[in-house]
Amino acid sequence: MPRRGKRPRRGAAEPEMEASSGKRVKATKTGTVNKPVIEAETSDSPKKDLTTIECGNEPSGYWLMKSEPESRLEKGVDVKFGIEDLRAQPQQTACWDGVRNYQARNFLRAMKLGEKAFFYHSNCKEPGIAGLVKIVKEAYPDHTQFEKDSPHYDPASKKDNPKWSMVDVQFIRMTRRFIPLSELKVHHQAHKTSGGPLENMALFTRQRLSVQPVTQGEFDFVLSLEDKESS
DNA sequence: GCCAACGTTGGC
DNA sequence: GCCAACGTTGGC
């Protein structure tokens, strides 16, 4: 995150591993907007749960997380972290650090163990959904906010009250084919007229959010595209 | 608390 | 590399 989205980095939950690190962040990812205009939820206030707002009433339990699969330096650090990088991690697990947007952070905090997310490739040649991951550790403080050399260092955040959170995600599988943004967009446009499942997809309505909720209908529809021709 | 300026995201 | 979209900052 961070900047964008994600940024998962290397090691995951256990405290141990390497400390420093590198990549990440952006968070890819991060962020997501428009429509229903959900409030910006800026800040730490407990206020309402965006997830709830967004999906009607129950959290969907599905998410979309953006990360950059191509190298890009941020403060001298390469934030590249594509799905192949996740696969290459020990246990195919990584922490999703670097998210520095309150809405995205709040979605991270709403994630529950075992929930699934689309791993989305952003800011690259071919943006789109590359695979599926699951949440294997719920939100905990993002250590990069305290690291001066991190691209996502936040001098305003204190250890006794961390502003930013991350979760750990584990690779589940690649999608049977890459599902490009361009294709999803065609469906989104059509669904706006026809009332189909992608009509309000956050990927289009909240375009800059690096961590966003996905409804059951959206999740099922997107996965149904896996076995269809790429049009 | 408004809102203009600014910075970032991320598709193209 | 451009630039639209949009979140954040900070003066007032």
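Every chain is numbered from 1 and lettered A, B, ... according to where its sequence line falls, protein lines coming before strand lines. All values below come from the heavy atoms of this structure, side chains included, with hydrogens, waters and symmetry mates left out.
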List in chain and number order the residues that pass ring-ring contact (aromatic ring centres under 6.0 Å, His included) with A:F219, two or more places apart in sequence or in another chain; answer none if no residue qualifies. A:Y62, A:F118
Polar atom pairs (N or O), protein with nucleotides 4-7 of chain B, under 3.5 Å:
residue, atom, partner, partner atom, Å
B:dG7, N2, A:R208, NH1, 3.4
B:dG7, N2, A:R208, NH2, 3.3

Rounded to whole Å, the CZ-P distance (A:R72 to B:dT8) equals 10 Å
Taking ring-ring contact (aromatic ring centres under 6.0 Å, His included) as the test, write out the residues that go with A:F221, two or more places apart. A:H187, A:H191
Please determine if A:D78 and A:R72 form a salt bridge, counting it only when a charged side-chain N lies under 4.0 Å from a carboxylate O. no
Sort me out a list of protein N/O and nucleotides 9-11 of chain C N/O pairs below 3.5 Å, or just none if empty.
none

Pi-cation contact, A:F146 with A:K159 (under 6.0 Å, within 45°): yes
Among all residues two or more places apart in sequence or in another chain, which pass the salt bridge (Lys or Arg N to Asp or Glu O under 4.0 Å) test with A:R176? A:E226, A:D227
Side-chain donor/acceptor of A:Q145 to backbone N/O of A:K163, under 3.5 Å: yes
Across all chains, not counting sequence neighbours, the salt bridge (Lys or Arg N to Asp or Glu O under 4.0 Å) partners of A:D149 are none
Interatomic distance where NE2 belongs to A:H152 and C1' belongs to B:dT8 [whole Å]: 11 Å
Run A:S165 and A:R109 through side chain to side chain donor-acceptor pair (under 3.5 Å) and show every step you take. CA-CA 7 Å; A:S165 301; A:R109 291 181 177 179; 2.9 Å; yes
In whole angstroms, how far is the P atom of C:dG1 from the CD atom of A:E70? 15 Å
